[in-house]
Amino acid sequence: MKEFILRYQRQITLEGFGMEAQDKLTKAKVLVIGAGGLGCPILQYLAAAGVGHIGIADNDTVSYSNLNRQIFFGQEDIGKFKVDIAALRIHALNNLVKTTIYKQRWDQALSIEHFPSYDIIVDATDNFSSRYLINDACVLLDKPLVFGAVSKYEGQIAVFNKMQDGQQKSNGLPVNYRDLFPEPPKSDEVLNCAEGGVLGVLPGTIGVMQATEVIKLISGVGETLANQLLTYNALTNNFFKVQLIKNDKANSLMPNTIDSFMQTNYEQLCN
Amino acid sequence: MKIEINFYGQLTDKTGCSSFLMDNPGTIADFKKLVIEQYPNLSNAKFTIALNNKIALDNEVIPENAKLALMPPFSGG
């Protein structure tokens, strides 16, 4: 208990946070999909903050081109599975945190099986097919989704499928990623990080902001980005926040049953 | 009266600029048509339009001195 108090003393001391918020973090279960540029800082800060149970999903191994931004990994980790290294580092950082690792590429079946046991899902992936799949699963299974994505020098953060505190669902449904972008772009429409490049610190900034949203959602402290999209430009220091609204087109394009979700080919959707 | 247009993400690669001013075209639908005429590369790009910091519908009338933002989806992580 003494270690617990000492470890979290700086945040327990915070006015409006206290032991009550810390207890909520301890009891929370968060799934982070993607242990790359966004996932590394998200995992580090959630573990440091004391989120009780963290799921880590990634099927990739560490390569040299990851090291400019994926700060959980070092040269000695090249070729090893990211989830294995991430779990080791989390335990070294905070052995009060329980981890579950998923070494497969995230798919529909994993979503249906595992989303129900988590409180919050975090999208830290690097491709549109995963992003649409995760979004649709969160809508079907009614899970809050903390979204983050980067492009060159800019990043986006949002909280989907969650009403702002104090707002009731009877006053309108929460928005999701498809309300913002109903259809995925084709693979040649948007350059990914490998093609377009990304400033190494940028996913750090965006990932830390996603972790902040997760901590606020769990603890109930502050206002989240529910129903809003925040865009950050690292070159200009410009933060731009937009209020999101429901999009009629989104509903018609989204699978509305588990069966139709399972049958959707997300790879093809984005190619 | 002019309105201000801002491009985000990789849309700036397609337009070659991050912002410009134009005469108020009327509605969001009118604006979409004009902006694609001016920047044909945008015709095959996916983006959402925000009007004064709120996502805009096609039939919305653009007020004077409005700020429009064209935001594409980002995939990287």
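Within every chain, numbering begins at 1; the chains are lettered A, B, ... in the order of the sequence lines, protein sequences first and strands thereafter.
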Check whether more than 12 heavy atoms from other residues, nucleotides or ligands sit under 6.0 Å from atom CG of Asp248(A), and answer yes or no. no
Given that the side chain runs from C-beta out, which part of Tyr153(A) has a heavy atom under 4.5 Å from chain B: side chain, backbone, both or neither? neither
Can you tell me if Glu64(B) has over 12 outside heavy atoms packed within less than 6.0 Å of its CD? yes
Measure Leu202(A) against the heavy atoms of chain B and call it side chain, backbone, both or neither at under 4.5 Å. neither
Heavy-atom proximity to chain B below 4.5 Å, by part of Gln70(A): neither
Is it the case that more than 12 heavy atoms not belonging to Glu37(B) sit under 6.0 Å from its CD atom? yes
Smallest heavy-atom separation, Pro73(B) atom then Phe181(A) atom, equals N-CZ, 3.4 Å
Bottom line for Asn238(A): the part with an atom under 4.5 Å from chain B's heavy atoms is side chain
Which atoms of Thr125(A) approach chain B - backbone, side chain, both or neither, heavy atom under 4.5 Å: backbone
Counting only heavy atoms closer than 4.5 Å, note whether Asp13(B) contacts chain A via side chain, backbone, both or neither. side chain
Which atoms of Pro182(A) come close to chain B, meaning under 4.5 Å heavy atom to heavy atom: side chain ones, backbone ones, both, or neither? neither
d(Asn247(A) CG, Thr48(B) OG1) to nearest 0.5 Å is 7.5 Å
Can you confirm whether more than 12 heavy atoms, excluding those of Lys67(B), are under 6.0 Å from its NZ atom? no
Check whether more than 12 heavy atoms from other residues, nucleotides or ligands sit under 6.0 Å from atom OH of Tyr102(A), and answer yes or no. yes
About how many Å separate CE of Met71(B) and CD of Gln156(A), when rounded to the nearest 0.5 Å? 7.5 Å
Supply the atom-to-atom distance Phe240(A) CZ to Asn53(B) CG, rounded to the nearest 0.5 angstrom. 4.5 Å
Heavy-atom nearest pair, Lys46(B) first then Glu183(A), reads CD-O, 3.3 Å
Heavy-atom closest contact (Ile55(B) atom, Val242(A) atom, distance): CD1-CG1, 3.6 Å
Distance from Glu154(A) atom CD to Tyr8(B) atom OH, nearest 0.5 Å? 8.0 Å
